[in-house]
Chemist: 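Structure in structure tokens, see below.
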There are 2 protein chains.
Amino acid sequence: MVRAGLTPERLAQGGAELADEVGFDQVTVSALARRFDVKVASLYSHLKNSQDLRTRIALLALEELADRGAAALAGRAGKDALAAFANVYRDYAREHPGRYAAARFRLDPEAAAASAGGRHAQMTRAILRGYDLTEPDQTHAVRMLGSVFHGYVSLEMGGGFSHSAPDSQESWARILDALDALLRNWPAP
Amino acid sequence: MVRAGLTPERLAQGGAELADEVGFDQVTVSALARRFDVKVASLYSHLKNSQDLRTRIALLALEELADRGAAALAGRAGKDALAAFANVYRDYAREHPGRYAAARFRLDPEAAAASAGGRHAQMTRAILRGYDLTEPDQTHAVRMLGSVFHGYVSLEMGGGFSHSAPDSQESWARILDALDALLRNWPAP
DNA sequence: CCATTTGCCTAAAGGCATTAGGCAAATGCA
DNA sequence: TGCATTTGCCTAATGCCTTTAGGCAAATGG
């Protein structure tokens, strides 16, 4: 019989596509096998288990997101950088809901260390270079930005803002204005 | 044989406890049946299906959270109210991680309408009475506060802030300071 | 060209969700 | 109190998912 040419990378890629189609928590080793037209057990030569699959998809999503973030930050500073970076998260979540959910998957410490998580933190810090914050406020601000981006996107995707005025796009824009204003006037302790 | 005295309410309660013990997504009809020392099929007289169980747990968690929020807001205003309300979310998530996760579970529209979701939005609006915002900025601010609270708690629970200085408690306090400052100086469009 | 490795397969066991059908306990009404 | 009905939990069965073991054929490399 002809071999399918599976690799962990191709499986993670296929898993990511599957996640966008059916949702990250519907990503199952069985469904992935069907997608590659292969028997389920075959995947276990390339994947440790189902958790391993999910982890690989998460790592892939984090890398993609970090790449987009880096591209968005290039040549920008201040509010411009802030908005561009924030939009990367929001747009990625809209284009790739399954991958975005994967990026929020809780990784075990080992995978987390090998992930693009560090790049994300670095980029957020880079945005803050356009504002006048010193440690430890810079760290507090990094955490706050991460919270707003993640929180907003996650509530928006959950449909939290969809059935009421004003429209979500407008809130997003005004929240970015507000964050910019806040970072320019970060309160003293 | 002696009857177990199951009801949808007792099952939701047991499910909530189970969620706190093993995590919301490990809450399964089977595990719940074991907890009540009853056969799995028996639960289907009281629950439509597994989704129904999760929905009931989510509704229960949302009610509990709204009750705590209401208690925290009573007699407070301004930053005091803001911080008390924010701490309700954070503390609830720490005490009841499974229930908190349940509260974030995506409900179908019908369940969402019957949920305490509306009370949550009302309470957040009540906090903003202590600040000088008019529509539509008030709505933007409601959405932003929701995003920060949810985002921070969720990143913190995911371990995002645990292995780095400064300590998460300090960031949380400073972020609440920052939000208070921002609401007092909300930027004009 | 053949030995070894590698990749996908069949088979099987165990878990969860869900439905159908049955019997006994509880309930309600004369 | 006595009996009919309803209700609650049970057994049985199906189907899908995960994971492991063991086998055969394709690819590889000396």
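Heavy atoms only: backbone and side chains are in, while hydrogens, waters and symmetry mates are out. Order of the sequence lines sets the chain letters (A, B, ...), proteins ahead of strands, with each chain counted from 1.
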Chemist: Using whole Å, report how far CG of A:L47 lies from C1' of C:dC8.
Modeler: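 Roughly 14 Å, once rounded to whole Å.
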Chemist: Between A:F36 and A:R10, is a side-chain contact (heavy atoms from CB on, under 4.5 Å) present by the stated rule, with each step listed?
Modeler: CA-CA 10 Å; A:F36 280 93; A:R10 286 193 60 204; 3.6 Å; yes
Chemist: With a 4.0 Å limit, can you tell me whether B:S30 has a side-chain N or O closer than that to the phosphate oxygens OP1/OP2 of C:dA17?
Modeler: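 Yes, within the criterion.
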Chemist: Send over the distance from A:Y44 OH to C:dC8 P, rounded to a whole Å.
Modeler: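 Rounding to the nearest Å, OH of A:Y44 and P of C:dC8 are 15 Å apart.
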Chemist: In this structure, is the centre-to-centre distance between the rings of B:Y100 and B:H96 below 6.0 Å?
Modeler: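 Between B:H96 and B:Y100, the centre distance exceeds or equals 6.0 Å.
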Chemist: Within the structure shown, what part of the strands sits under 4.0 Å from B:L6 by heavy-atom distance: base, sugar-phosphate, or nothing?
Modeler: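 The answer is sugar-phosphate, as B:L6 gets under 4.0 Å only of primed atoms, P, OP1 or OP2.
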Chemist: Please determine, for the side chain of A:A41, which listed nucleotide (D:dC17, D:dA21, C:dA17) has the closest atom?
Modeler: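 Per side-chain heavy atoms of A:A41, the pick is D:dA21.
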Chemist: Using atom CG of B:D52 as one end and atom C1' of C:dA17 as the other, report the distance to the nearest whole Å.
Modeler: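 The answer, rounded to whole Å, is 13 Å.
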Chemist: Across the strands shown, which category fits A:S45 at heavy-atom distances under 4.0 angstrom: base, sugar-phosphate, nothing?
Modeler: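 Result for A:S45 = base.
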Chemist: Does B:S50 have a side-chain nitrogen or oxygen under 4.0 Å from the phosphate oxygens OP1 or OP2 of C:dC16?
Modeler: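 The answer is no; no side-chain N or O of B:S50 sits under 4.0 Å from OP1 or OP2.
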Chemist: Whole Å only: how far is the CD atom of A:Q26 from the P atom of D:dC17?
Modeler: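 After rounding, the reported distance stands at 10 Å.
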Chemist: Rounded to the Å, how far apart are B:L43 CG and C:dC16 P?
Modeler: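 Those two atoms, CG and P, are 13 Å apart.
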Chemist: NZ of B:K39 versus P of D:dC9: gap in Å, rounded?
Modeler: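 These atoms are roughly 14 Å apart.
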Chemist: The side chain of B:R34 is closest to which nucleotide in this list: C:dC16, D:dC10, D:dT19?
Modeler: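 Looking only at heavy atoms from C-beta outward on B:R34, the closest nucleotide is C:dC16.
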Chemist: Measure the distance from CG on A:L32 to P on D:dC17 and round it to the nearest whole Å.
Modeler: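 That distance rounds to 12 Å.
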Chemist: Select one nucleotide: of D:dT18, C:dC8, D:dC9, the one nearest the side-chain heavy atoms of A:S42.
Modeler: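 Nearest to the side chain of A:S42 among the choices is C:dC8.
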Chemist: When the ring planes of B:F149 and B:Y89 are compared, do they come out parallel, tilted or perpendicular, using 30° and 60° as the limits?
Modeler: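 It falls in the tilted class, 30° to 60°.
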Chemist: Do B:M144 and A:F85 land in one hydrophobic cluster if side-chain heavy atoms of ILVMFWY residues count as linked below 4.5 Å?
Modeler: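 Shared cluster, yes.
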Chemist: Kindly say whether the aromatic ring centers of A:Y152 and A:W172 come within a distance under 6.0 Å.
Modeler: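 Close enough - the centres of the two rings lie under 6.0 Å apart.
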Chemist: Taking atom C1' of C:dC16 as reference, at what distance in whole Å does atom CG of B:L18 sit?
Modeler: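 Value for this atom pair: 14 Å.
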Chemist: Tell me which nucleotide among D:dG8, D:dT18, C:dT18 gets nearest to the side chain of B:H46.
Modeler: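 Nearest listed nucleotide: D:dG8.
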Chemist: Checking contacts here: which listed nucleotide (C:dT18, D:dC10, D:dC17) is nearest the side-chain heavy atoms of B:V38?
Modeler: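 From the listed options, D:dC10 comes nearest.
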